[in-house]
There are 2 protein chains.
Amino acid sequence: MHKNKLPTIKEIAKKLNISTSTVSRALHDHKSIGAVTTMRVHQAAKELGYEVNKSALFFKQQKTYTIGVIIPNLAEPFFSSALCGVEDFAEPFNYTVIIGQSLDTLDREKRILENMKDHRVDGILVSLSKDTNTYDHFESLKKYNIPVVFFDRVPDKKDIHFVAGNLHSGMLQAITKLVNMGHKKIGLINGPAKLAATLQRLELYLKCLRSNDLEVNYDLIVSTTLSKTDNVTAMQKLMALEQPPTAVIVFNDYVLLDCIATVKAANLVVNKDISFISFANLPIWEYMDTMPLGSIEQFAYQQASKATEFLFQLIEGGNQPQPAEVKFLQCIIDSEMVSYS
Amino acid sequence: MHKNKLPTIKEIAKKLNISTSTVSRALHDHKSIGAVTTMRVHQAAKELGYEVNKSALFFKQQKTYTIGVIIPNLAEPFFSSALCGVEDFAEPFNYTVIIGQSLDTLDREKRILENMKDHRVDGILVSLSKDTNTYDHFESLKKYNIPVVFFDRVPDKKDIHFVAGNLHSGMLQAITKLVNMGHKKIGLINGPAKLAATLQRLELYLKCLRSNDLEVNYDLIVSTTLSKTDNVTAMQKLMALEQPPTAVIVFNDYVLLDCIATVKAANLVVNKDISFISFANLPIWEYMDTMPLGSIEQFAYQQASKATEFLFQLIEGGNQPQPAEVKFLQCIIDSEMVSYS
DNA sequence: GCAATTTGAGCAAACGTTTGCGTAAGCAAC
DNA sequence: GTTGCTTACGCAAACGTTTGCTCAAATTGC
């Protein structure tokens, strides 16, 4: 086998004895090329098995038709679901998606960002790592005209584009449900303080308790770094209270899994001695013996899809002369509590 | 803000009053450039915030430093774990990984392949969709000199590069364990016939029964298309036997989840009335009340990592004059049964 | 039958980088 | 002072495609 060079536009031109520009235009069905020529070009292209060299295109157009997605961990259903949202939105536009997993470390997040930057992606979607407490690395992208849209785990800043979940709706449904079931001591196992989600959950928890005319007992509020041992410790702390909660709102389903195990280890019965509501709505509950009363669904797919839509707006907008000051694209997506009863 | 053009090698050249070729070489620390010039170039590059335009490079070098990975579904831990294997291997080589989810349909698999093809990826890793029964679309890649390495779900052909799991070791450990526990009626819930894995499991099941001097009862062998309802039906079929099995080898953990639910629904007790061993070793069991005796781990990460190694060999080898006939790179990775007792 | 317009197509530049080849300057050996 | 070698750098082509400009031929309008 000889060296297997792919056919180019030049070969077609040579074969038909016309110029490359004519071929190029014919392939795009440009009106200034005659019908006969256009047909012959298409014919020849087919025969030769011609396919446009995208590398050349990307180079020429200074555009890669590629967007980067940085997420903590693909293994988490929330993020793999989000990724589907991105891909489904990007596909019809013929954009390619490249992915980086920060594995919840700032260091990797930065490295991935650098890599995407010099791959000249057209835009980036980010869900922050747990470690991320500084946003300089994103700032630097502005110099390169690479738009960034955050989703789900967004920075605590105002001058950014983002799509985030609104937990209020779901949280209110959850606590109201618990109250209606007769629960009065409702605990909260919260996440690490540096996550915006943590503060948000706390505020909403307090707010929704008040909405239900329940008074707040700060002993019922504990937190975890999300590590397994810490999850267990948090749950044990609640159970050790003189007046332990009869229901607990838990940071997410993973923490909850540990909580359930902890409760069982203490020979207590979930949904009887203690009930749970969590955030995430993982598919696993379907298969579990013991499931929480409900989970607060945050619509990963929709969030990511919307974030991608924003990103595309920004990418397109980048070409046009921008309005004096850019409006920041921001969107909040309401959560919903789903019951497993 | 003016039009934010990224600095190029030309700007550096102009600024220093030298030629672009000198700049290019200096940036690569080429020995033919003087130490002083090299330093000044690096200095200027830093000042201007220069970064090489990879689009231009990819184009020039006719190489994208990108590999494509086609897998059925990222949401499956097996594949997200595999993906990590790919990325970890590819990262040090500065390759970018792009992913396509076939969602177990041949149609999407083909579309993704087409897309990757005209993105001019340097190579492709594939784990087949369940639907895939024809391999022409992969054949066509040969014309484009794009090497393909299959892993895990590999075509039933000999003239391919692949990495596959060897279930024999794990299966033998599993059946031997069951036999040692006193089980004599060991069933098999197998997958769809078109998957190579299915035939393999059957053969090994038979072989390992014989190794343990058990005689085969074909009533104990059923199969499922892997749909939830079918999984349940398969399990029910086994339970309805006059002489139902006391232990069952199950195609994978997902099927097993349904089986366990089915057993419970029939008011039987898992691990007492009926025991299970499955394939996959999902992290979920850790959190479940009811877990199988064990799972047969197939080392997704290692398989994918090895497959990537193969792919890189092929990519590199493509440049060198190839030996008369290419040897096919093939590797089998032994499975292991992990006990949850 | 001549000017004006339309149609169909080619020329050449441009995108940013690498690299083979050429060459001038400096130096050593004879 | 010629030759030969090294060091340090520049020239220009090449990668495949698109696109603004140019231009000849064909068609139209009068």
Response to the item:
Among D:dG16, C:dT17, D:dG10, the one nearest any side-chain atom of B:Leu57 is C:dT17

Discussion item. Return whichever of A:Ser21 or A:Lys10 has its heavy-atom-nearest nucleotide of DNA chain D closer to the 5' end.
Written reply: A:Lys10

Worksheet item: A:Arg25 side chain: which of C:dT17, D:dT18, C:dC11 is closest?
Response: C:dC11

Worksheet entry | Phosphate OP1/OP2 of C:dG16: any A:Gln62 side-chain N/O under 4.0 Å | yes

Worksheet item: B:Phe58 has an atom CZ; how far is it from atom C1' of C:dC15, in whole Å?
Response: 16 Å

Worksheet, complete the sentence: The residue, B:Glu51 or A:Thr20, whose nearest nucleotide of DNA chain C is more 5′ is A:Thr20

Worksheet item: Should B:Thr8 be listed as having a side-chain N or O under 4.0 Å from OP1 or OP2 of C:dG16?
Response: no

Worksheet entry | A:Ser19 side chain near C:dG10 phosphate (N/O to OP1/OP2, under 4.0 Å) | yes

Practice prompt. Considering just the side-chain nitrogens and oxygens of B:Gln61, establish if one lies under 4.0 Å of OP1 or OP2 belonging to D:dA14.
Written response: no

Worksheet entry | Sidechain-backbone polar pair: B:Gln330 side chain, B:Phe162 backbone, donor-acceptor under 3.5 Å | no

Item to complete: Whole angstrom is fine here: how far is it from CD1 in A:Ile18 over to C1' in C:dC11?
Response: 14 Å

Worksheet item: Does OP1 or OP2 of D:dA8 have a side-chain N or O of B:Ser32 closer than 4.0 Å?
Response: no

Discussion item. Below the 4.0 Å mark, does D:dC9 have OP1 or OP2 next to a side-chain nitrogen or oxygen of B:Thr37?
Written reply: yes

Item to complete: Verify the stacking flag for A:Phe59 against C:dC15: centroid separation must be under 5.5 angstrom and the ring planes must differ by under 30 degrees.
Response: yes

Discussion item. Are A:Phe58 and A:Lys63 packed together at the side-chain level, in the sense that at least one heavy-atom pair is separated by less than 4.5 angstrom?
Written reply: no

